[in-house]
Every structure is written in structure tokens, then in C-alpha cells.
Amino acid sequence: MLIDDLNLVKKNYYEPMLKLAIMSEEELNQIFGILNSLPSLHQDLLDRLLKLRREDGTVDQVGPAMLEWIPYLQSYKTYCCNQVSAKTLLDHKRRSQAVHNFLQLCQESAFSRKLDVWSFLDLPRSRLVKYPLLLKEILKHTMVDHPDHGPLSQAVNVIQTIISQINSKAGEAECEYYKKRLSYLYESQNEEEVSRSRILHCHGELKNNKGQRLHVFLFESVLVLTRLVNHNDQPQFQVYRQPIPLPELVLEDLPDGEVRVSGSIRGAFTAASERGTGSYLQFMWVTAA
């Protein structure tokens with residue numbers, strides 16, 4: 001059950017690591033965020049639903065109770081907006097032998113069901129998006145003239161709106177996180193379109209046939225090519241050449257099964273002024289986030 005898993009995280013991960021000084025309290029709070037407040041939120045829903053249950057185990061209406069409870073899910077904005085920085089810090093701390101050994105021991109223990117700690121930390125977000133599906137399924141089996149049909153329909157609309165707002169805020173938080181980790185070698189590289197961006201559509205690695213890699217960010221109006229570097233033992237993305245405004249970017253749609261890979265990164269990304277017809281994408285996506 002979700003509530004049990006959330007309590008498990010505090011008992012078996014957060015508290016032991018704090019007590020054993022495996023991580024600092026500040027680091028743990030950054031990784032675990034407001035997770036400690038979520039069990040009571042879902043316990044409240046459980047209590048509300050149990051009160052509606054008759055002696056025979058049936059329930060007449062759940063719509064009104066859901067309508068009253070759903071607005072409390074707004075607190076998920078804080079948790080979901082913290083996920084990118086939390087995951088990055090966790091991955092960084094895993095390089096510590098003490099952290100690695102502790103998490104490995106936990107994963108091998110029965111209580112974890114062989115799941116990594118991030119599976120538990122990502123659980124609230126993954127469960128959140130299931131609420132509309134559950135409510136829609138209940139609505140599907142509720143007669144239109146049933147008194148619960150109206151409240152259920154409202155509940156579906158409300159929770160979809162809240163999830164949409166959470167996704168939007170989480171997306172903006174992810175965009176800001178990576179913008180702050182871009183490092184520029186030259187002032188001319190500090191593209192205004194990057195600083196104004198509020199949306200990061202996707203990011204991932206590109207590589208050529210020699211194995212050279214670039215980490216690429218597709219913001220709402222500019223493509224930024226970077227190299228992953230470490231600064232003060234923290235990951236940063238050093239901007240490679242000039243960011244490419246999307247109007248200057250030329251995309252070539254290759255036939256199914258055809259892959260063309262350029263011999264050099266420099267040749268694949270050349271400024272429009274140098275090529276005359278814009279910049280070309282001639283690389284393969286290796287991963288995308």
C-alpha cells in the first residue's frame with residue numbers, strides 16, 4: 001500500500017542515514033523533500049473512504065469525498081518540482097562508498113522487495129497520475145442518473161487540472177535547474193533565448209561514429225549543445241559552440257531504417273552563416289529524458 005511504502009522510506013532510508021551520518025541532514029532533506037508529509041495526506045483519504053463503507057462493504061457515493069480531498073494534492077507541486085535536483089544529488093552521492101554500500105544493502109533486504117531507493121522516491125509522482133484513471137473507471141460504471149455521477153465528473157476535471165498544473169510547474173523547475181548548470185566559455189554564447197526559456201522539451205546524448213558525445217538540450221526556441229564536465233565535483237554542461245535558434249535549424253526526415261552519421265561533431269553543427277542553409281542535425285539520439 002502507498003502509505004506503508006511512504007512510511008518505509010522514512011524508517012528504512014532517511015532515519016538510518018541521518019543517524020549513521022551517511023549523508024548530512026541538508027542533503028537528505030533535499031533528496032527526500034516533503035515526502036514525510038505525504039503519508040498523512042493519503043491516510044486522510046483512506047479514513048474518508050472507510051467512513052463511507054457500509055456494513056456489507058459497499059459504498060453509495062465517493063464523488064463528494066473525492067471532491068473535498070483532491071485539492072490537498074496541490075502539495076505535490078513542491079515534491080514533483082524537487083525531483084530533478086533530488087535525483088541528481090542522489091546519483092552524485094552514490095559515488096560515496098558509504099552511500100553505495102548502504103543503498104545496496106537496503107536493496108538486497110526483504111523490505112525493499114529488490115527495489116532501488118529511487119523507485120520509492122518516485123512512487124508518489126507515479127501514483128498521482130493514476131487517480132484520474134481510477135475515477136474515470138468508477139465513472140464509467142456509474143449510471144448517468146446516479147447521484148454520484150455529477151460529483152465524479154467534477155472530481156475527474158478537478159484532478160486533471162491539478163495534475164496539469166503540477167506537470168507544468170515541474171517542467172519549469174526542470175528547465176530552470178538545467179539552465180543554471182549551463183556554463184559558457186564566451187559571453188557571446190549566453191543566448192538570450194536560453195535565459196528566457198521556461199520549457200525544456202527534451203534533452204539527451206548525441207554521438208557520432210567515433211564515439212564523441214554531446215549532451216543536447218532542446219528548449220522552447222533554441223537548441224543548446226554541451227559537453228558534460230565536472231566543476232567542484234558537481235556536474236555542469238559546458239556550452240559547445242553557439243546555441244542554435246530553432247528557426248535556423250534544419251531537420252532532415254530520414255527513411256525508416258536509414259541512419260547517416262557524420263564523421264565529426266564540428267561538421268554536424270555548423271552556424272547558418274557558415275553553411276548558408278541553416279544548421280543540420282545528422283546525429284543519433286542515444287538517450288532522451
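Residue indices begin at 1 and follow the sequence shown.
- Residues Lys51 and Asp47 are not paired through a salt bridge, judged by the lack of any N-O separation under 4.0 Å between the basic side chain and the carboxylate.
- Of the candidates Glu174, Arg125, Lys169, Cys80 forms a side-chain contact (heavy atoms from CB on, under 4.5 Å) with just one, namely Arg125.
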Worksheet item: Yes or no on side-chain contact (heavy atoms from CB on, under 4.5 Å) for Tyr178 and Val84, after CA distance, side-chain angles and deciding distance?
Response: CA-CA 9 Å; Tyr178 283 112; Val84 174; 4.0 Å; yes
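- The environment of Arg198 atom CZ is sparse: at most 12 non-hydrogen atoms of other residues, nucleotides or ligands sit within 6.0 angstrom.
- Linking Ile, Leu, Val, Met, Phe, Trp and Tyr residues whenever their side-chain heavy atoms come within less than 4.5 Å leaves Tyr177 and Leu121 in two separate clusters.
- Heavy-atom neighbours of Met143 CE from other residues, nucleotides or ligands within 6.0 Å: at or below the threshold of 12.
- In this model, no donor atom of one side chain and acceptor atom of the other lie less than 3.5 Å apart for Glu26 and Gln30.
- In terms of heavy-atom proximity, Ser40 sits nearest to Ser37 at OG-O, 3.0 Å.
- Of all heavy-atom pairs spanning Val224 and Pro243, the tightest one is CG2-CB, 4.1 Å.
- One finds the CG atom of Asp148 at 4.5 Å from the CD atom of Gln61 (value rounded to the nearest 0.5 Å).
- For the residue pair Cys175 and Ser197, the shortest heavy atom distance occurs at SG-O, 3.6 Å.
- For the residue pair Ser85/Asn82, the side-chain donor-acceptor check at 3.5 Å is satisfied.
- Within the 4.5 Å cutoff, the side chain of Asn167 has heavy atoms near those of the Ile163 side chain.
- Rounded to the nearest 0.5 Å, atoms CD1 (Ile166) and OH (Tyr76) are 8.5 Å apart.
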Practice prompt. Could you give me the CA-CA distance, side-chain angles and deciding distance for Val229 and Phe237, then say whether side-chain contact (heavy atoms from CB on, under 4.5 Å) is met?
Written response: CA-CA 6 Å; Val229 297; Phe237 299 90; over 6 Å; no
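- Across Ile34 and Ser75, no two heavy atoms sit closer than the pair CD1-O, 3.3 Å.
- Checking side-chain atoms of Asn7 against main-chain N and O of Ile3 turns up a donor-acceptor pair under 3.5 Å.
- Tyr72 is connected to Leu38 through a chain of hydrophobic side-chain contacts under 4.5 Å among Ile, Leu, Val, Met, Phe, Trp and Tyr, so both are in one cluster.
- In this structure a side-chain-to-backbone donor-acceptor pair under 3.5 Å is missing from Ser168 to Ser164.
- Test Ile138, Asp145, Val144 against Thr142 for side-chain contact (heavy atoms from CB on, under 4.5 Å) and you get one pass: Ile138.
- Residues Val99 and Lys93 come closest through the heavy atom pair CB-O, 3.2 Å.
- For Lys87 and Asp122, the salt-bridge test fails: no basic side-chain N is under 4.0 Å from an acidic carboxylate O.
- A distance of 8.0 Å separates CG of Leu50 from CD of Gln43, quoted to the nearest 0.5 Å.
- Atom OG1 of Thr226 sits about 10.0 Å away from atom CG of Leu206, to the nearest 0.5 Å.
- In this structure, the side chains of Val9 and Asp5 stay at 4.5 Å or more apart for every pair of heavy atoms.
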Discussion item. Set out, in order, the CA-CA distance, both residues' side-chain angles and the distance that settles side-chain contact (heavy atoms from CB on, under 4.5 Å) for His201 and Glu220, then state yes or no.
Written reply: CA-CA 7 Å; His201 291 299; Glu220 56 192 296; 4.0 Å; yes
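- The backbone N or O of Ser112 sits nowhere less than 3.5 Å from a side-chain atom of Gln107 that would complete a donor-acceptor pair.
- Side-chain contact between Phe217 and Lys179 is absent, with no heavy-atom pair separated by less than 4.5 Å.
- Hydrophobic cluster membership is shared by Tyr131 and Leu52, with clusters built from Ile, Leu, Val, Met, Phe, Trp and Tyr side chains linked at under 4.5 angstrom.
- A continuous path of Ile, Leu, Val, Met, Phe, Trp and Tyr side chains, each step under 4.5 Å between heavy atoms, connects Ile31 with Leu20, placing both in one hydrophobic cluster.
- Judged purely by atom type and a 3.5 angstrom limit, Glu193 has no side-chain atom pairing as donor or acceptor with the backbone of Ser221.
- Without hydrogens or angle criteria, Glu27 side chain to Ser24 main chain gives a donor-acceptor distance under 3.5 Å.
- With contacts defined as side-chain heavy-atom distances shorter than 4.5 Å, the pair Glu176/Leu200 does not qualify.
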Discussion item. Let's go through Glu68 and Asp44 carefully: what are the C-alpha distance in whole Å and the side-chain angles of both, what is the deciding distance for side-chain contact (heavy atoms from CB on, under 4.5 Å) to 0.1 Å, and is it a yes or a no?
Written reply: CA-CA 11 Å; Glu68 290 180 2; Asp44 178 42; over 6 Å; no
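- Annotation: side chain of Arg227 is in contact with side chain of Leu214 (closest heavy-atom distance under 4.5 Å).
- Residues Leu73 and Ile159 form a side-chain contact, since some pair of their non-hydrogen atoms from C-beta on lies under 4.5 Å apart.
- Salt bridge Glu15/Lys19: absent, no basic N to carboxylate O contact under 4.0 Å.
- Using the six-membered ring where Trp is involved, Phe120 and Tyr13 have ring planes that are tilted, between 30° and 60° apart.
- Between His203 and His215, the ring-plane angle classifies as tilted under the 30° and 60° cut-offs.
- Residues Ile162 and Gln74 come closest through the heavy atom pair CG1-NE2, 3.6 Å.
- Looking at Pro124 and Leu6, their side chains come closer than 4.5 Å, going by heavy atoms from C-beta outward.
- The shortest side-chain heavy-atom distance between Leu90 and Leu103 falls under the 4.5 Å cut-off.
- Qualifying ring-ring contact (aromatic ring centres under 6.0 Å, His included) partners for Phe102, counting only residues two or more places apart in sequence or in other chains: none.
- A distance-only check finds no donor-acceptor pair linking the side chain of Lys77 to the backbone of Gln165 [under 3.5 Å].
- Between the side chain of Asn29 and the main chain of Glu25, a donor-acceptor pair closer than 3.5 Å is present.
- A perpendicular orientation is assigned to the rings of Phe32 and Tyr14, their planes being inclined by more than 60° (bins at 30° and 60°).
- Distance check, rounded to the nearest 0.5 Å: CD of Gln83 to OG1 of Thr88 gives 10.5 Å.
- Expressed to the nearest 0.5 Å, how far CG of Leu135 lies from CE of Met66 amounts to 4.5 Å.
- Looking at Trp69, its side chain does come within 3.5 Å of a backbone N or O of Leu41 through a donor-acceptor pair.
- Leu249 and Ile199 are not part of a single hydrophobic cluster, where members link through side-chain heavy atoms under 4.5 Å apart.
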